[in-house]
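What follows is a set of notes on a single structure, which appears directly below.
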Amino acid sequence: MDQVSHLSARGLWKAYRKGRGTVPVLQGIDVDVEPGEMVAVVGASGSGKSTLLHVLGLLDAPDEGSVAIESQRIDNLPERRRDELRNGTFGFIFQFYHLLPELTALENVLMPHYIRHGPLAYLVRRGALRRQATELLERVGLGHRLSHRPSELSGGEMQRTAIARALSGEPRILLADEPTGNLDAATGQGILELLRDLNRERGLTMMMVTHDAQIAQQADRIVRLVEGRIEEWHPALM
Ligand code: ADP
Ligand code: MG
């Protein structure tokens with residue numbers, strides 16, 4: 001099993017400026033995701049779920065508080081180190097896939113490598129990287145869709161492509177923001193099962209935001225964001 005990671009945050013505060021005032025979003029968040037654990041995050045629309053995920057994944061900075069992996073603080077590292085963590089340690093999946101429309105599925109999966117290595121170093125490694133990307137697309141069930149563009153894929157296939165792309169940097173922590181939010185129930189369930197399998201087979205630590213109680217219940221644990229804070233949540237309460 002791959003190396004697994006413990007993700008934690010302490011005392012996270014974040015507010016957005018609005019006109020002359022500020023809108024408080026995170027108001028003292030403490031949260032832990034154990035190594036290899038899959039945690040679902042629920043909460044009303046606008047409760048700060050995406051903000052929390054972005055702060056944990058270093059896509060956004062908190063006003064106060066800290067984020068750590070294996071108890072090592074990561075949010076205050078130099079920009080270069082944070083870039084490395086965003087590209088290597090974390091993988092991200094979004095509700096609307098964020099695929100590049102003019103690229104094929106294979107090229108979308110290769111894109112993070114292209115950006116990370118630059119065109120020349122990418123060319124040198126292209127053979128190995130294409131093999132790895134092909135294997136990932138096969139793993140998510142898209143071995144027969146390598147040269148399709150997003151417009152030629154179904155919603156579920158686009159999300160599978162985005163999952164393969166998220167795995168291309170061999171992340172230890174996967175952050176998923178409403179990964180089934182744009183899919184019908186059966187397709188969403190297929191995506192959840194794929195994420196669950198990847199969580200188990202690679203020991204991926206996972207935090208997944210979802211509106212869907214059926215989806216949330218399949219995680220190891222559910223937390224809810226209420227008034228800027230985290231509370232443990234139980235399916236019977238949903
Ligand atoms: P959720 O994902 O739970 O729906 P978000 O984290 O997206 O909630 O947003 C939480 C609150 O912060 C909302 O009130 C939203 O309008 C506000 N917000 C989010 N991003 C920004 C931003 N970049 N600028 C200003 N306000 C924002
Ligand atoms: Mg959101």
Side-chain angles (χ1 to χ4, degrees), residues 7-33 37-68 74-75 79 82-83 85-86 90-99 155-156 158-163 165-166 171 173-185 187-189 191-192 195 199 205-235 237-238:
L7 175 68
S8 63
R10 292 289 175 270
L12 291 182
W13 287 76
K14 184 159 185 79
Y16 288 109
R17 232 184 296 277
K18 191 176 185 193
R20 293 186 172 198
T22 58
V23 182
V25 181
L26 308 181
Q27 302 177 67
I29 298 270
D30 294 332
V31 70
D32 285 272
V33 188
E37 190 181 31
M38 183 179 197
V39 171
V41 182
V42 301
S45 180
S47 61
K49 303 181 297 297
S50 295
T51 303
L52 174 61
L53 220 58
H54 294 168
V55 169
L56 291 173
L58 307 182
L59 296 175
D60 204 350
D63 297 332
E64 280 181 54
S66 60
V67 180
I74 59 168
D75 61 286
E79 180 63 29
R82 280 185 286 132
D83 274 344
L85 288 168
R86 275 192 293 265
F90 289 106
F92 298 93
I93 303 168
F94 304 97
Q95 178 175 355
F96 296 107
Y97 329 121
H98 292 191
L99 299 173
M158 284 193 269
Q159 194 59 295
R160 286 172 190 273
T161 304
I163 291 169
R165 179 185 56 190
I173 301 169
L174 205 60
L175 301 174
D177 195 351
E178 311 260 13
T180 67
N182 203 41
L183 303 172
D184 65 72
T187 306
Q189 179 59 27
I191 293 295
L192 186 281
L195 292 174
N199 159 253
T205 301
M206 255 187 221
M207 185 178 255
M208 171 184 65
V209 167
T210 181
H211 264 98
D212 185 329
Q214 296 279 75
I215 294 289
Q217 283 179 34
Q218 299 174 69
D220 296 316
R221 190 159 61 87
I222 308 174
V223 298
R224 188 165 79 128
L225 256 176
V226 191
E227 293 174 3
R229 290 182 172 257
I230 284 279
E231 55 186 40
E232 295 292 321
W233 192 245
H234 302 285
L237 300 171
M238 291 185 84

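Every number for a ligand or one of its atoms is a count from 1 in the order of the listing.
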Next item on the list: Would you check if there is a donor-acceptor pair between the side chains of Ser50 and Asp177 at a distance under 3.5 Å?
Entry: yes
Checklist line | Ala44 neighbourhood, listing ligand 1 atoms whose heavy-atom distance to it stays under 4.0 Å | finding: 3 (O)
Next item on the list: Output yes when a side-chain donor or acceptor of Asp220 lies under 3.5 Å from a complementary backbone atom of Val39, and no otherwise.
Entry: no
Next item on the list: Quick one: closest heavy-atom pair of Gly156 and Leu183, and the distance?
Entry: N-CD2, 3.6 Å
Check: Which residue owns the protein heavy atom closest to atom 4 (O) of ligand 1, what's the atom, and how far is it?
Finding: Gly46 N, 2.7 Å
Next item on the list: Indicate whether any N or O donor in one side chain lies under 3.5 Å from an N or O acceptor in the other, for Gln159 and Gln95.
Entry: no
Next item on the list: Return the minimal non-hydrogen interatomic distance between Leu12 and Gly65, and the atom names on each side.
Entry: CD2-C, 4.0 Å
Next item on the list: Run the contact test for Gly43 against ligand 1 with a 4.0 Å cut-off on heavy atoms, strictly below, and give the result.
Entry: no
Next item on the list: Scan for salt bridge (Lys or Arg N to Asp or Glu O under 4.0 Å) pairs involving residues 8-18, sequence neighbours excluded, and state none if there are none.
Entry: Arg10-Asp32, Lys14-Asp60
Checklist line | atom 8 (O) of ligand 1: the protein heavy-atom neighbour that sits closest, reported with distance to 0.1 Å | finding: Gly48 N, 3.2 Å
Check: Nearest to atom 7 (O) of ligand 1, what protein heavy atom do you find, and at what distance?
Finding: Ser50 CB, 3.7 Å
Check: Donor-acceptor pair, Gln27 side chain versus Glu227 backbone, under 3.5 Å?
Finding: yes
Check: By residue and atom, what protein N/O/S atoms are less than 2.8 Å from the Mg ion (ligand 2)?
Finding: Ser50 OG
Notebook entry, point to check: Just distances here: any N/O of Arg17 and N/O of ligand 1 closer than 3.5 Å?
Noted result: no
Item checked: Per-atom contacts, ligand 1 versus Ser45 - under 4.0 Å to a heavy atom -> 4 (O)
Next item on the list: Would you confirm whether Arg82, through its side chain, and Ile74, through its main-chain N or O, come within 3.5 Å as a donor-acceptor pair?
Entry: no
Note to self: Donor-acceptor pair, distance only, cut-off 3.5 Å: does the side chain of Thr22 make one with the backbone of Pro24?
What the structure shows: no
Notebook entry, point to check: Does the protein put a heavy atom under 4.0 Å from atom 13 (C) of ligand 1?
Noted result: yes
Notebook entry, point to check: Do Leu175 and Phe92 have side-chain heavy atoms sitting under 4.5 Å apart?
Noted result: yes
Item checked: Protein contact of atom 27 (C) of ligand 1 - nearest heavy atom, named by residue and atom, plus distance -> Tyr16 CD1, 3.2 Å
Check: Is there a donor-acceptor pair closer than 3.5 Å between any side-chain N or O of Arg86 and the backbone N or O of Gly57?
Finding: no
Checklist line | Per-residue contact class, Val25 against ligand 1 - non-hydrogen pairs under 4.0 Å | finding: side chain
Notebook entry, point to check: What's the shortest distance from atom 6 (O) of ligand 1 to any protein heavy atom, and which residue and atom give it?
Noted result: Thr51 OG1, 2.6 Å
